[in-house]
Structures are given as C-alpha cells and as structure tokens.
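Notes to accompany the following structure.
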Amino acid sequence: MLVTGNDILIPARAGKYGVAAFNTNNMEITQAIIHTAEKLRSPVIVQMSEGAIKYGGQDLANIVKDIASRASVPVALHLDHGSSFASALNAIRMGFTSVMIDASHHPYDENVAETRKVVEAAHALGVSVEAELGRLGGIEEHVVVDEKDAFLTDPQEAVAFVNATGVDYLAIAIGTSHGAYKGKGRPYIDQARIQEIGGLLSIPLVAHGSSGVPAEIVQRFRDAGGEIGDAAGIADEDLELATQHGIAKVNVDTDLRLASTVGIREVLKANPKEFDPRKVFGPARDVMAQVIEHKLRVLGSVGKA
C-alpha cells in the first residue's frame, strides 16, 4: 500500500527500529526493494533523487506507485535531496508521498525559511517532509561536499530548527557520508550525538549515507572485472545502535548500485555472448534482493508490517 513517510516512520521511531530508504533508478531495483520487503513483512521507503527523476521521469514514478499500491506492506515514495521548493512541488505533482528539501548548504536562516515554505505546501496536500541540518561529506549525484565543508548537527540548533519549520523528520549529520568511500577501516559514528538529539526531539531522525558497502560485494565486483578503491561502509552494529536512539529512516543507495552491477558483470563475464536483457538484469535483481534483505534484518523492521 502506498502511504506517507509519517505513516511508516512515526511507528518506527516509537518501536525503536529503522526503516530502510532505498534509491531506485529502474524497474528491477524497484521490484527488488518492494518484493523483498513484502517477503519479510517490512515497511520500506523507495526514494528517487532528482537525477532519477531526470532519468526515469513520471514513468519511473508510476512504476514505483503501481508496485507500491499493490503491495501488502506500507511503501512510501520519497524525493531524496530535493534542491528547491520547485523540486519538491514537482515531486508532489508526480505523486510522491514524502519529499526532502535539502537546504543544508544555505545559512541556517535560509534553511529554515526554505524548509518552512515546503512544509506548508506539502502538509496542505497531505505529504510529509524531511529536511537536513548539518552537512554530510561525500558525493551523491548533485550533492558534493568536501570533507573540510562537512559538519555535524548541533543538538540545540536541531530543536530550534524543528520548532521553526514543523518538519516531520530530520536528517542529521553524525559521521556518515555519501558514496562508497566513507573512511579508512570502520567509519566513526557519533552515537553520543545521536542519543542527545534523540533525547531532545521526538520526531523520527534520518541517517543519510548509510550503505554498508559489504566486503563480499566489493570483492565480487573486483572479481568480475570492476575497479574500485578502498571502499568502506557503515557497520551494521552502528546502525542497530542508532535505531535505539531515534534514527528511524536509514538511506541506502551505494549498496544497490554495487549489487546491481555485480549481478550484471558476473553474467557477462561468465557468458560474453549473452544479450538477453532478462538474463542480465534478472540476476542483478537477485543480488540486490540479498543485500536488501540483510539491511532490513539489521534495522529490525522485519515483521513490522
């Protein structure tokens, strides 16, 4: 069933489990996300970035909405990193049930004003809203933040921001980062900061840049001819702990990109003559489903739908 972000995330925050928000770019990714969630009786959020909208447009949004509306578990369609009021309104017109306005690159007062503007419009149409305070490092499509420009969320400022904007859920900077290169070894996550913000705010909190970048998937990528550096992701244990203190939405994109490409590369390496897209994309969907299942179990959302 297609629902709002609030319908999914408020129960998650109260129940101390996380809901994975996976980015999609095509039918196979969408199927892997929603069908795996159904199999495990888990709520799930399907996200489209502005890049995905440019790539797949209304056609892709309609695929998500159709599969979601026929699903037996709650599914929200969310705009990831909306860069403007116009972008958020466009997503709402397309049928999104949740939107993010990311004005975190602006000064605080501008972030508040832009976020409040989106909240007022979205709430009037029954759509829930995410905003971001603090800045994550890394690269995700049009979002590029150098490490020197990244900064963690101030707890007291988070309270003031939520009170001033009326936003439904807040993405906080806690040490995670976008992309496959999140640091050397085990990236540091500021659990104390999560606990402090979670103690001050009752709304669901969001962790961006939370792909695990599994070592097995990275190795399979290399074995199938892919080139990738010293990729590192967020540890399962850190996400499990974070969900106990307010993190209810956990964003995952890189893991599915890697898994999809692994499935495609392995097929073509084993059979260079293969050109049936069903035999190429089908295995990619299967690899993604395995990664998705692992993430849903880590976050504790299995059986919650």
Closer than 3.5 angstrom, by distance alone: can the side chain of Thr153 be matched with the main-chain N or O of Ala173 as a donor-acceptor pair? yes
- prompt: Do Val291 and Val267 belong to the same hydrophobic cluster, where Ile, Leu, Val, Met, Phe, Trp and Tyr are linked whenever their side-chain heavy atoms lie under 4.5 Å apart, directly or via other members?
  reply: no
- May I ask you to check whether Asp255 and His294 show a side-chain donor-acceptor distance below 3.5 Å? no
Look at the side chain of Thr30 and the backbone N and O of Asn26, then say whether any donor-acceptor pair between them is shorter than 3.5 Å.
yes
Stepwise side chain to side chain contact (heavy atoms under 4.5 Å, CB included) check, Arg41 with Ser72 = CA-CA 8 Å; Arg41 308 306 307 164; Ser72 58; 2.7 Å; yes
request  = Taking the side chain as every heavy atom from C-beta outward, state whether Val119 and Thr115 have any pair of such atoms under 4.5 Å apart.
outcome  = yes
Residues Asp168 and Ser128: closest non-hydrogen pair is OD2-CA, 3.2 Å
So, Lys117 side chain and Val112 main chain: donor-acceptor pair closer than 3.5 Å or not? no
| Short question: side chain of Thr97, backbone of Val127 - any donor-acceptor pair under 3.5 Å? | no
Quiz item: Can you check whether Ile172 reaches Val206 side chain to side chain, under 4.5 Å on heavy atoms?
Solution: no
Check your understanding: Okay, side chain of Tyr188, backbone of Ile174: is any donor-acceptor separation there less than 3.5 Å?
Key -> no
In terms of heavy-atom contacts, Ile217 and Ala259 come closest through CG2-N, 4.1 Å
Q) So, are Arg297 and Glu293 salt-bridged, with charged N and O less than 4.0 Å apart? A) yes
dist Ile92:CD1 -> Leu125:CG (nearest 0.5 Å) comes out at 5.5 Å
Q) In terms of hydrophobic clustering (I, L, V, M, F, W, Y; side-chain heavy atoms under 4.5 Å; direct or indirect links), are Ile8 and Val252 co-clustered? A) no
| request: Is it possible for you to say whether Ile67 and Val3 belong to one hydrophobic cluster, with membership spreading through side-chain heavy-atom contacts below 4.5 Å? | output: no
Here the gap from Ile292 atom CD1 to His35 atom NE2, rounded to the nearest 0.5 Å, amounts to 11.0 Å
- request: Check whether Leu77 and Leu9 end up in the same hydrophobic cluster, where Ile, Leu, Val, Met, Phe, Trp and Tyr are linked by side-chain heavy atoms less than 4.5 Å apart.
  value: no
*asked:* Tell me if a side-chain donor or acceptor on Glu114 pairs with a main-chain N or O of Phe85 at a distance below 3.5 Å.
replied: yes
task: Return yes if some donor-acceptor pair links the side-chain N/O of Gln47 with the main-chain N/O of Asn251 below 3.5 Å, else return no.
output: no
Check your understanding: Are Val298 and Thr243 close enough, and set up right, to give a side chain to side chain contact (heavy atoms under 4.5 Å, CB included), and what steps lead you there?
Key -> CA-CA 10 Å; Val298 166; Thr243 63; over 6 Å; no
Could you tell me if the side chain of Thr24 sits less than 4.5 Å from the side chain of Met48, heavy atoms only? yes
Exercise. Considering only heavy atoms from C-beta outward, does the side chain of Ser98 approach that of Val129 to under 4.5 Å?
Worked result: no
Tyr169 six-ring face occupied by Lys249 cation (under 6.0 Å, within 45°)
no
Residues Ala32 and Ala289: closest non-hydrogen pair is CB-N, 4.2 Å
Validation row: Phe22, Ile45 side chains within 4.5 angstrom (heavy atoms):
no
For Ala52 and Leu60, the nearest pair of non-hydrogen atoms, with its separation, is O-CD2, 4.0 Å
Rounded to the nearest 0.5 angstrom, the OG-CD1 distance for Ser84 and Ile101 is 6.0 Å
- Could you check if a side-chain atom of Ser260 sits within less than 4.5 angstrom of a side-chain atom of Glu28, using non-hydrogen atoms only? no
Distance col, row Leu152:CG vs Leu133:CG, nearest 0.5 angstrom, shows 11.0 Å
Check: Do any N or O atoms from the side chain of Lys269 and from the backbone of Asp223 form a donor-acceptor pair under 3.5 angstrom?
Finding: yes
Exercise for review: Please answer whether the main-chain N or O of Gly263 pairs with a side-chain N or O of Arg220 as donor and acceptor at a distance below 3.5 Å.
Suggested key: no
### Query
Are any of the side-chain heavy atoms of Asp102 and Ser83 separated by less than 4.5 Å?
no
Margin query: Let's go through Asp7 and Thr4 carefully: what are the C-alpha distance in whole Å and the side-chain angles of both, what is the deciding distance for side chain to side chain donor-acceptor pair (under 3.5 Å) to 0.1 Å, and is it a yes or a no?
Written below: CA-CA 5 Å; Asp7 292 330; Thr4 71; 3.1 Å; yes
Side chain to side chain contact (heavy atoms under 4.5 Å, CB included) between Val19 and Val250: does it pass, once the steps are laid out? CA-CA 6 Å; Val19 174; Val250 178; over 6 Å; no
When rounded to the nearest 0.5 Å, the distance separating CG of Leu239 from CD1 of Ile234 is 7.0 Å
query = Would a 4.5 Å heavy-atom cut-off, applied to side chains only, mark Val73 and Pro43 as touching?
reply = no
Under the criterion side chain to side chain donor-acceptor pair (under 3.5 Å), I'd like the reasoning laid out for His245 against Gln191: C-alpha separation, chi angles, the key distance, then a yes or no.
CA-CA 9 Å; His245 299 285; Gln191 296 288 353; over 6 Å; no
**Request:** Treating Ile, Leu, Val, Met, Phe, Trp and Tyr as nodes and any side-chain heavy-atom pair under 4.5 angstrom as an edge, say whether Leu79 and Val46 lie in one connected cluster.
**Result:** yes
- Query: Can a salt bridge be assigned to the pair Glu227 and Arg222 using a cut-off of 4.0 Å between side-chain N and carboxylate O?
  - Reply: no
Asn23 and Ile29 have their tightest heavy-atom pair at O-CG2, 3.5 Å
In terms of side-chain heavy atoms, does Ser211 have a donor or acceptor partner in Arg257 at a distance below 3.5 Å?
no
Between His78 and Val99, is the side chain to side chain contact (heavy atoms under 4.5 Å, CB included) condition met? List the steps. CA-CA 5 Å; His78 177 75; Val99 295; 5.6 Å; no
- Task: Examine distances only and state if a side-chain atom of Asn111 and a backbone atom of Glu132 form a donor-acceptor pair shorter than 3.5 Å.
- Result: yes
Here the gap from Arg70 atom CZ to Lys65 atom NZ, rounded to the nearest 0.5 Å, amounts to 13.5 Å
Scanning both residues in full, the closest heavy-atom pair of Ala224 with Arg265 reads CB-CB, 3.5 Å
Check your understanding: Which class fits the ring pair His208 and His81: parallel under 30°, tilted 30 to 60°, perpendicular over 60°?
Key -> perpendicular
